[in-house]
Peer 1: 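Structure incoming, see below.
Given the structure is predicted, the values throughout are model-derived calculations rather than measurements.
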Amino acid sequence: MDIILKPFSWLLTFFYQFAGYGVALILFGFVVKLILFPVTLKQKKSMIQMNMLSGRVQKLQAQYGKTNPQRYQEEVQKLYAQEKVNPMGGCAWSLVPMVVLIALYGIIRNPIQRMMGVPADMIDTVAKITGVENTGAYPQIAMARALGDPNVLASAKQALGEAGDGLFAMNFSFLGLDLDAIPTWRFWEGGIHWATLGLFLLVLVSTLVSFLSMKVSMQTNKINNQTQNAQMDQTNKTMMLMMPLMSLWIGFTVPAALSVYWISQYLMTMVQEVVCGRMLKKDYEAARAAAEEAARLAKG
């Protein structure tokens, strides 16, 4: 796990040092999107190629599907090999954003270890000095807050020796909000203040942008109505509902920093979809023409 987290930790810490916590999360997301852009483009090309072959696959289905399923599978594989199309192309890469999200969550909840480089076996020492019990979901965030006191920071550095060289007073503030805090939907309790209302709105915005992002992605991925069957339409509608709801639920259970990352990711995804759509315009047109021809032949 350390091998996966280390480069992400370095990148987020690097951005934090000159841009602050909130902007660091946005820049982190931008770099991840930029690195994965070629993979995304390749995935979309693969999807277009699959759609262009859908008519020929349907013919094989009609010819062998019921009478000889094994022959059907063999013929389909031959077709993909002949056209140099990998139906599984990019599937593994599609999991990368989730891996990045899990890695980022690990960094956000463990800033002492991941951003300040304190070894795991010395976290208890930091806990004793800061007076924070090293239990619960986010003890290291509480320790990082405590290190904002210069005296506590100096004591921790002295106790850790060389292992404490990376300790620093961390500022979680962004737009007047504490991104280390967990948003609550009961923002009115104790009076309405920006500190709680802002975090609540942050989760709502991430949910809304999630929905819009999925809407844009579905529209740009859709070749034409001919290629969408009822099952796929239902799956897309379910995903469009479930993903934002998941963002809403998770947003109220994790530090607000993750919502900032989600918002930046969703916004950049929408921009990416538009860019990909323009770059692949000719491919989409060819796929649309192929789908229309396949539909015409099927009717004939």
Peer 1: Assess whether side chain to side chain contact (heavy atoms under 4.5 Å, CB included) is satisfied between L199 and F187, documenting all intermediate values.
Peer 2: CA-CA 8 Å; L199 294 179; F187 61 88; over 6 Å; no
Peer 1: Would you call R71-E75 a salt bridge at under 4.0 Å N-O?
Peer 2: yes
Peer 1: Let me have the donor-acceptor pairs involving side chains of residues 131-147, under 3.5 Å, with sequence neighbours excluded, atom names and distances please.
Peer 2:
| unit_1 | atom_1 | unit_2 | atom_2 | d |
| --- | --- | --- | --- | --- |
| N134 | ND2 | D124 | OD1 | 2.8 |
| Y138 | OH | Y105 | OH | 3.0 |
| Y138 | OH | T253 | O | 3.4 |
| Q140 | OE1 | I112 | N | 3.2 |
| Q140 | OE1 | Q113 | N | 3.0 |
| Q140 | NE2 | N110 | OD1 | 3.3 |
| R145 | NE | D180 | OD2 | 2.4 |
| R145 | NH2 | D180 | OD2 | 3.3 |

Peer 1: Quick one, V254 and I182 - any side-chain contact, counting heavy atoms below 4.5 Å?
Peer 2: no
Peer 1: Between CZ of F252 and CZ of R186, what distance do you get to the nearest 0.5 Å?
Peer 2: 12.0 Å
Peer 1: Look up atom CE in M116 and atom CE in M170, then write down how far apart they are to the nearest 0.5 Å.
Peer 2: 5.5 Å
Peer 1: I need the minimum non-hydrogen distance between M270 and V209, along with the two atoms involved.
Peer 2: CE-CG1, 3.9 Å
Peer 1: Taking the side chain as everything from C-beta on, heavy atoms only, tell me whether I192 gets closer than 4.5 Å to T196.
Peer 2: no
Peer 1: In residues 8-28, what donor-acceptor pairs under 3.5 Å come from side-chain atoms, sequence neighbours left out?
Peer 2:
| unit_1 | atom_1 | unit_2 | atom_2 | d |
| --- | --- | --- | --- | --- |
| S9 | OG | L5 | O | 2.8 |
| T13 | OG1 | S9 | O | 2.7 |
| Y16 | OH | N171 | N | 2.7 |

Peer 1: Rounded to the nearest 0.5 Å, how far does CG of L267 lie from CG of L212?
Peer 2: 9.0 Å
Peer 1: Restricting to non-hydrogen atoms, name the atom on P38 and the atom on L34 that form the minimum distance, rounded to 0.1 Å.
Peer 2: CD-O, 3.7 Å
Peer 1: What I'd like to find out is whether the side chain of D149 reaches to under 4.5 Å of the side chain of T130, using heavy atoms alone.
Peer 2: no
Peer 1: What heavy-atom pair brings F200 and T184 nearest, and what distance separates the two atoms?
Peer 2: CD1-O, 3.8 Å
Peer 1: Below 4.5 Å, heavy atoms only, C-beta onward: do L202 and I263 meet side chain to side chain?
Peer 2: yes
Peer 1: Is there side-chain contact between V275 and L41, with at least one heavy-atom pair below 4.5 Å?
Peer 2: no
Peer 1: If you measure from CD on Q265 to NZ on K33, what distance do you get to the nearest 0.5 Å?
Peer 2: 5.0 Å
Peer 1: So with a 6.0 Å cut-off around CZ of F30, is the heavy-atom count from everything else above 12?
Peer 2: no
Peer 1: Could you check if a side-chain atom of Y266 sits within less than 4.5 angstrom of a side-chain atom of V216, using non-hydrogen atoms only?
Peer 2: no
Peer 1: Could you report the tightest heavy-atom contact between A257 and I108, atom names first, then the distance?
Peer 2: CB-CD1, 3.8 Å
Peer 1: Hydrophobic clusters here meaning ILVMFWY residues chained together by side-chain heavy-atom distances under 4.5 Å, can you tell me if V99 and I102 are in one?
Peer 2: yes
Peer 1: To the nearest 0.5 Å, what is the distance between CG on L204 and OG on S247?
Peer 2: 11.5 Å
Peer 1: Could you report the tightest heavy-atom contact between G148 and A169, atom names first, then the distance?
Peer 2: CA-CB, 4.0 Å
Peer 1: Given 3.5 Å as the limit, does a donor-acceptor pair link the side chain of W194 with the main chain of L175, or not?
Peer 2: yes
Peer 1: Answer yes or no: is there a donor N or O on one side and an acceptor on the other, between the side chain of S206 and the main chain of V203, under 3.5 Å?
Peer 2: yes
Peer 1: For W262 and I250: C-alpha separation, side-chain torsions, deciding distance, then whether side chain to side chain contact (heavy atoms under 4.5 Å, CB included) applies.
Peer 2: CA-CA 11 Å; W262 276 338; I250 295 177; 3.1 Å; yes
Peer 1: What closest approach, in Å, do P119 and A163 show between heavy atoms, and which atom pair accounts for it?
Peer 2: CD-CB, 3.9 Å
Peer 1: Any side-chain heavy atom of K157 within less than 4.5 Å of one from L153?
Peer 2: yes
Peer 1: CH2/W249 to OG1/T207 distance, rounded to the nearest 0.5 angstrom?
Peer 2: 13.0 Å
